[in-house]
2 protein chains.
Amino acid sequence: MPALTLRRAAARAGVSHAAPAHHFDGLPGLLTAIAARAFQIFADTMEAASTAAGPDPFARLVGLCDGYLAFASQHHGLFHVMFVSPEVDRDDPALTPHSARAYLLLRATCLPFAAPDATEDAVLETAVWSMVHGYASLTFNTNQGKRRSYVLAPDFAALLKELFAARRGQ
Amino acid sequence: MPALTLRRAAARAGVSHAAPAHHFDGLPGLLTAIAARAFQIFADTMEAASTAAGPDPFARLVGLCDGYLAFASQHHGLFHVMFVSPEVDRDDPALTPHSARAYLLLRATCLPFAAPDATEDAVLETAVWSMVHGYASLTFNTNQGKRRSYVLAPDFAALLKELFAARRGQ
DNA sequence: CACAGCGCCTTGACACTGTCAAGCAAATCC
DNA sequence: GGATTTGCTTGACAGTGTCAAGGCGCTGTG
């Protein structure tokens with residue numbers, strides 16, 4: 001049984017069993033609305049962690065990724081809805097502004113490391129985005145409540161240093 | 001409605017509606033058995049792509065990751081069961097040998113790039129593992145059948161070159 | 001050979017799910 | 001003031017996983 005159910009949400013809200021389906025236009029609509037709100041909190045978390053990290057560009061990027069991972073660790077139900085749930089319509093105009101804001105935040109934080117030729121920064125930001133998302137997916141993917149069996153030992157900051165090894169000296 | 005259903009599997013197999021649940025000990029058991037078989041195919045795909053890439057260590061790693069991404073792209077239902085489905089028991093002794101084989105394959109392919117101090121290779125293999133998994137998750141995550149809205153433009157090989165920029169000259 | 005044990009499946013039921021059609025009451029609009 | 005829209009309720013339906021009970025045939029044993 002899924003963790004979120006239209007009928008249980010209705011019972012908790014004290015309305016009839018079909019009210020949520022009517023209000024949100026079915027289960028996909030409810031999940032899409034949840035994803036939109038979650039992306040908002042997600043972007044807020046990353047932004048706060050990044051600005052709290054001070055002025056150094058690399059420290060800001062580490063902070064941003066820490067915010068990413070903190071969100072995935074603390075709200076991994078929302079994380080699942082945002083990135084995995086097949087029911088949500090990720091092109092919904094109520095959702096795209098917030099997901100775009102999260103992505104642009106990462107893009108902006110990667111900008112100080114852009115290479116002279118303009119094409120390579122897309123490579124770099126995609127590398128960071130993929131790495132932090134994969135790290136989060138592999139680390140915080142719960143297995144019926146308990147952690148994953150093959151843990152990923154190193155801190156993410158170590159991976160980031162590895163990726164930026166050639167660039168940081170610039 | 002989920003894509004896989006005990007009752008539809010029973011109908012397709014021509015048995016009674018409760019036979020699969022009895023045989024596999026419930027839906028989690030069926031999904032775990034599927035995941036075990038999928039990890040087998042997954043490891044085979046990566047191994048074949050890696051050995052087909054020739055003797056150069058970096059080419060072999062690119063090949064392995066191409067195999068990873070090819071599998072995720074072609075069998076993303078299996079990919080979902082392997083890494084996402086909350087019902088599968090990823091510590092099941094029928095599953096762990098195959099998932100471990102896949103991981104050790106990646107580990108072995110990263111070994112030629114290990115640093116002199118023995119701890120850093122875990123960082124490197126975790127970086128590759130996270131990056132390729134995140135890239136696959138973000139790229140091939142279907143949205144009701146159609147591709148994701150925010151596509152990741154660069155090829156994965158470019159990301160890998162970025163990660164190994166400081167090492168390849170060795 | 002007879003028979004108990006057992007593995008594999010079937011049958012039937014139960015609680016629960018999302019979705020839909022019909023209806024109803026209140027607010028809104030012309 | 002009547003028509004229309006909006007938001008919810010009610011009731012039904014098909015479909016789901018799971019469980020208990022039972023049957024049927026094989027197997028091993030006396």
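Remember, predicted model here, so these are calculated numbers, not experimental data. So that the names make sense, note that chain A is the first sequence line, chain B the second, and so on, each numbered from 1.
- Taking only side-chain nitrogens and oxygens, A:His22 never comes nearer than 4.0 Å to OP1 or OP2 of D:dT9.
- Across the protein-nucleic acid pair, B:Leu6 atom CG and C:dC9 atom P stand 14 Å apart, rounded to whole Å.
- Atom NE2 of B:His23 is separated from atom C1' of C:dC9 by 11 Å (rounded to the nearest Å).
- Here the two rings, on B:Phe164 and B:Phe58, have centers that are under 6.0 Å apart.
- Electrostatic pairing of B:Arg101 and B:Asp44 counts as a salt bridge here, judged by a charged N lying under 4.0 Å from a carboxylate O.
- Put simply, CG on B:Leu31 is 14 Å from C1' on D:dT16, counting in whole angstrom units.
- Rounded to an integer number of Å, the gap from B:Asp25 CG to C:dC9 C1' is 15 Å.
- Along DNA chain C, the nucleotide nearest A:Gly26 and the nucleotide nearest A:Met1 are compared for position; the residue whose nucleotide lies closer to the 5' end is A:Met1.
- Here A:His17 does not reach the OP1 or OP2 of D:dT10: none of its side-chain N or O atoms lies under 4.0 Å away.
- The CZ-C1' distance, from A:Arg8 to C:dG18, rounds to 15 Å in whole Å.
- Residue A:Thr5 has a polar side-chain atom (N or O) positioned under 4.0 Å from OP1 or OP2 of C:dT17.
- Of the listed nucleotides (C:dC9, D:dT18, C:dG18), C:dC9 has the atom at the smallest distance from the side chain of B:Ala19.
- Computed from coordinates, the B:Arg7 CZ to C:dT10 P distance equals 13 Å when rounded to whole Å.
- For the ring-ring contact (aromatic ring centres under 6.0 Å, His included) with A:Tyr103, the lone residue among A:Trp129, A:Phe42, A:Phe39, A:Tyr68 that qualifies is A:Trp129.
- Across the protein-nucleic acid pair, B:Leu27 atom CG and C:dT17 atom P stand 16 Å apart, rounded to whole Å.
- A donor atom on one side chain and an acceptor atom on the other are not found under 3.5 Å apart for A:His133 and B:Tyr135.
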